[in-house]
2 protein chains.
Amino acid sequence: MFSKACEYGIRAVLFIAKQSQKDLRPNITEISKAIDSPEPFTAKVCQQLARAGILLSKKGPNGGFYLEKDSTLKLAEIVATIDGDNIFKGCGLGLRECSSEHPCPVHDQFMVVRNGLKKMCENTLVMELAANLEEGETFLKV
Amino acid sequence: MFSKACEYGIRAVLFIAKQSQKDLRPNITEISKAIDSPEPFTAKVCQQLARAGILLSKKGPNGGFYLEKDSTLKLAEIVATIDGDNIFKGCGLGLRECSSEHPCPVHDQFMVVRNGLKKMCENTLVMELAANLEEGETFLKV
DNA sequence: TTATTCAAGGACAAATCTGTCTTAAAAAAA
DNA sequence: TTTTTTTAAGACAGATTTGTCCTTGAATAA
Ligand code: FES
Ligand code: FES
């Protein structure tokens, strides 16, 4: 479904969001421990998200990655930045483009599923997911 | 969503199904022309499906790939053979396994989408999709 | 000012996915 | 039997994804 980079990216952002709510600014070592991911690869992904303006970063002692406490970041922005929007727009059978004028055999059924995924990513706030994480109701590793 | 191999695989099977309804047995050249895919790569995929018993094949002059006319093959079998069933069972954020006892932050929402995809693949008959194809209502290339 | 701590960036390596080529083997037709 | 047509199979090559390593430069603290 999502690429590894995207999976790590979402998990990293959720952890960073949780820490940001406590005014903490985790560094890459802390992040990759918390989400159980390869550290240098995770660093790449976080850098990419920071370049895209999705994460904020601060260098130097006590630096790290963080989010504004009142961020309205949604899952969809993370996914689109890392994996592009083919997953939200592309044809399920790989035709050059998905359109009801030139539909593939599964177009009607696939649109329903794909739009469900899209809506889910567009409606889900990172800060809300991070709150459940804080309650210990959900997990980022194992 | 699906791998390239799986996209080609589904399109190939749908074309083969359509031809089988007309008692034809297309060979690899005809198949890859009909679905606009790289011929040797498509051959690999069709061989894999034939080994798995999903497609039938016949060597020699006038040979090719085919399906029984009354086949009840469903999309899910093609997908599981080529891409495995992680897409139907795996965690959206890449945790080792998806379970409501140890859910990731998007578990509840993701389950809905993933089950939608699963149901779609399990309920869709290849022969029915091939019939629409025959009517010229849907397309396998461009 | 200097040393330390950190993100940023780029070069590299391994693994997987995608795609190609060649040869073998089966089956039918000549 | 011989030739032709076809799938089957495996070795190979390129591209992409995943993962590692090392250097640079920014920011802070001492
Ligand atoms: S054309 Fe294939 S999903 Fe729309
Ligand atoms: S645990 Fe992640 S989707 Fe179920």
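Throughout, protein chains are lettered first and strands after them, A, B, ... in sequence-line order, and every chain is numbered starting at 1. Model, not experiment: these values are computed from the prediction.
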Heavy-atom closest pair, residues [X] and [Y]:
{"X": "A:T124", "Y": "B:Q109", "value": "CG2-NE2, 3.8 Å"}
{"X": "B:A50", "Y": "B:F65", "value": "CB-CE2, 4.2 Å"}
{"X": "A:L75", "Y": "A:M120", "value": "CD1-CE, 4.2 Å"}
{"X": "B:L125", "Y": "B:K74", "value": "CD2-CG, 3.8 Å"}

With A:S3 via side chain to side chain donor-acceptor pair (under 3.5 Å) - residues at least two apart: A:D83
Nucleotide range of DNA chain C lying under 4.0 Å from chain B heavy atoms: C:dT18 to C:dA28
Whether over 12 other heavy atoms sit under 6.0 Å from A:K33 NZ: no
Flag if over 12 foreign heavy atoms under 6.0 Å of CG, B:N115: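 Atom CG in B:N115 is crowded, with more than 12 foreign heavy atoms closer than 6.0 Å.
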Reading 5' to 3' through nucleotides 6-22 of chain D, protein heavy-atom contacts under 4.0 Å coded B for base, S for sugar-phosphate only, - for none: BBBBBB------BBBB-
